[in-house]
Amino acid sequence: MKPISRLLALLAATLCVSFAAEARLFRHASQVDPGTMDPHALASLYNNRVLSQIYESLVERDESFRAGPRLALSWTPLEGGKGWRFKLRPGVKFHDGTAFTADDVVFNVKRGLDALSAYRSALPNVSGARKVDELTVDILTTQPTPVLPLSLTNFRLMSKAWCEKHKVERPQDFKAREETYATRNANGTGPFRLGRWETDVKTVLLAHPGYWGKRGNVTEAHYLVVASAATRVAGLVSGEIDLVIDPAVQDVVRLRSQPGIKVAEATGSGSNFIGFHHTRADIGNGARGNPFKDARVRQAIRAAIDLRMLVSKVMRDTATTGRALYSPAVDGFDPRFNAPAPYDPARARALLRQAGYGDGFAVDLDCSAQQPTDSLCQAIAGMLSRVGIRVSYRPLPFNTLLPKIIAGDTSMYVIGWTAATVEPEGVLVPLARSRTQPGVGEYNFGGYSNAKADAAIDRGRVEFDSAKRVALFTEAMTAIDEDAGFIPLIYRKVTWAMRKNVDVVVRPNDNLDLRFVNMN
């Protein structure tokens with residue numbers, strides 16, 4: 001070998017060793033698969049944990065969880081309150097090298113409003129979008145919509161050209177288990193690109209070298225699907241896993257004193273609650289009619305559930321409780337909702353007698369088989385049995401449960417909700433507003449309707465004054481609480497367990513952002 005050739009070979013080897021030394025593999029585990037790679041097909045926390053690394057939004061929550069610019073640099077309301085104008089970040093490219101422009105935003109708004117989209121609630125009152133120039137776009141609304149920029153933190157953007165090339169102009173029909181090119185492929189502007197997705201096993205994410213923004217030192221991330229809590233913890237202790245997003249509550253105390261492990265915790269913005277089907281004629285199981293149409297029955301169920309016991313025994317104090325559908329971490333939470341509904345089985349029985357169900361009734365409870373929801377539902381079933389309500393608990397994998405309750409195929413269910421806006425409108429409009437107009441009540445699975453709450457919600461949605469908005473949403477939540485339209489259960493604390501060499505920012509929405517992860 002000639003001297004110059006040997007020198008080049010030595011230099012190449014040195015560079016490879018240097019790159020290997022800088023490479024950082026990060027392995028994080030959870031219990032649920034993302035379900036799809038289409039960013040508009042499925043609205044779930046587990047899906048967001050993967051796709052928010054690949055696809056980006058116009059507005060974001062930064063490292064301190066403050067709202068701020070991402071793909072948009074600035075935004076201002078249009079005259080007359082008929083929308084917002086967004087100035088886009090220049091020089092941004094998708095993973096395939098295509099430039100990000102206003103055309104992509106217009107395309108995504110249309111896709112997000114599609115009947116198959118799971119993200120119509122992220123586009124409140126939006127009627128469409130129009131391009132002003134290559135880096136300016138107007139998102140149009142049918143009425144003043146102060147919350148729109150915050151809502152867009154949960155709306156991720158695809159490449160128009162890529163979607164048209166691969167015939168995925170419409171979202172995947174997730175409920176029908178449709179397979180499209182976007183189901184298993186991805187092309188975003190985010191800090192990581194999709195390496196591969198092995199359903200119910202792992203998703204491999206690779207750092208995108210052309211990313212416009214800053215990120216930590218992780219060069220490859222594996223999102224591991226490990227259904228067993230014991231297996232997740234064992235992998236963490238052995239060093240095969242670097243971070244467990246959802247350690248079982250019974251393991252958290254032990255992990256705090258485990259050598260080489262640390263536990264980080266923050267107040268979460270999510271809540272778990274019981275919902276009912278309010279409109280169907282009967283609930284089956286031999287029950288007479290639909291008991292949940294009677295507020296006294298719903299109030300009886302609430303009185304029969306010992307919320308403090310759920311917090312202390314089931315959640316092992318990794319949660320708090322209260323009376324609102326949103327937690328104290330949400331902007332505008334009123335302290336009046338801190339006190340949970342009283343546990344009073346005697347009152348529950350009396351209310352059931354008044355409603356004509358003195359002998360109780362039988363009902364199916366649809367619930368996620370994942371922890372801690374599984375344990376919550378088992379405890380609730382036992383509590384209700386003591387007042388004569390015979391519950392058949394139906395645990396399902398989350399990605400099976402969600403399409404079932406979206407279709408209204410349920411009588412009573414338990415589910416969680418984390419508002420991307422981190423303020424009350426992002427909870428009340430999708431979950432509790434009557435489905436009397438497009439774009440509202442998208443996740444009001446049981447058809448709940450409360451005229452007093454609707455009126456306050458609608459006034460709050462168009463109010464730009466923050467204090468007045470908060471007062472109106474508090475009024476709406478108070479009306480729902482009095483009606484026991486839903487039964488709030490717990491506000492789960494965000495608790496992550498990790499190896500001590502992991503430096504990470506715990507986020508109230510329970511969504512780990514790989515930009516803020518460093519491996520020491």
Side chains of S117 and D114: donor-acceptor distance under 3.5 Å anywhere?
no
Atom of R507, atom of F516 and distance for their closest heavy-atom approach
NH1-CE1, 3.4 Å
Keeping D104 on the side-chain end and T101 on the backbone end, is there a donor-acceptor pair under 3.5 Å?
yes
Salt bridge (charged side-chain N to carboxylate O under 4.0 Å, His left out) partner of D246, chosen from R232, R492, K493
R232
Taking the six-membered ring where the residue is Trp, are the ring centres of W417 and Y443 under 6.0 Å apart?
yes
Closer than 4.0 angstrom, basic N to acidic O: yes or no for R515 and E60?
yes
Ring geometry between F292 and F276 (parallel below 30°, tilted from 30 to 60°, perpendicular above 60°)
tilted
Can you confirm whether F273 sits close enough to I490 that some side-chain heavy atom of one is under 4.5 Å from a side-chain heavy atom of the other?
no
Just by distance, do the side chain of H222 and the backbone of T203 share a donor-acceptor pair under 3.5 Å?
no
Interatomic distance, CG@L116 vs CG@D173, rounded to 0.5 Å, equals 5.0 Å
Can a donor-acceptor pair be found between the side chains of T36 and D38 at a distance below 3.5 Å?
no
Spacing of S434 atom OG and D454 atom CG [to the nearest 0.5 Å]:
3.5 Å
E134 side, atom CD; K131 side, atom NZ - distance, nearest 0.5 Å
3.5 Å
Atom NZ of K82 with >12 non-hydrogen neighbours under 6.0 angstrom
yes
Look up atom CE in M519 and atom CE in M498, then write down how far apart they are to the nearest 0.5 Å.
11.0 Å
Can you tell me if Q370 and D374 form a side-chain donor-acceptor pair at under 3.5 Å?
no
So, R156 and N154: side-chain donor and acceptor under 3.5 Å apart, yes or no?
yes
Taking the side chain as everything from C-beta on, heavy atoms only, tell me whether L365 gets closer than 4.5 Å to V414.
yes
Parallel, tilted or perpendicular for F86 and W75, by the 30°/60° rule?
tilted
To the nearest 0.5 Å, what is the distance between NE2 on H28 and CG on L514?
5.0 Å
CG of L428 to CD of E423: how many Å apart, nearest 0.5 Å?
8.5 Å
Would you say the side chains of R24 and N518 form a donor-acceptor pair under 3.5 Å?
no
From the list F174, Y55, F155, F107, ring pair (Phe, Tyr, Trp, His ring centres under 6.0 Å) with H40 holds only for F155
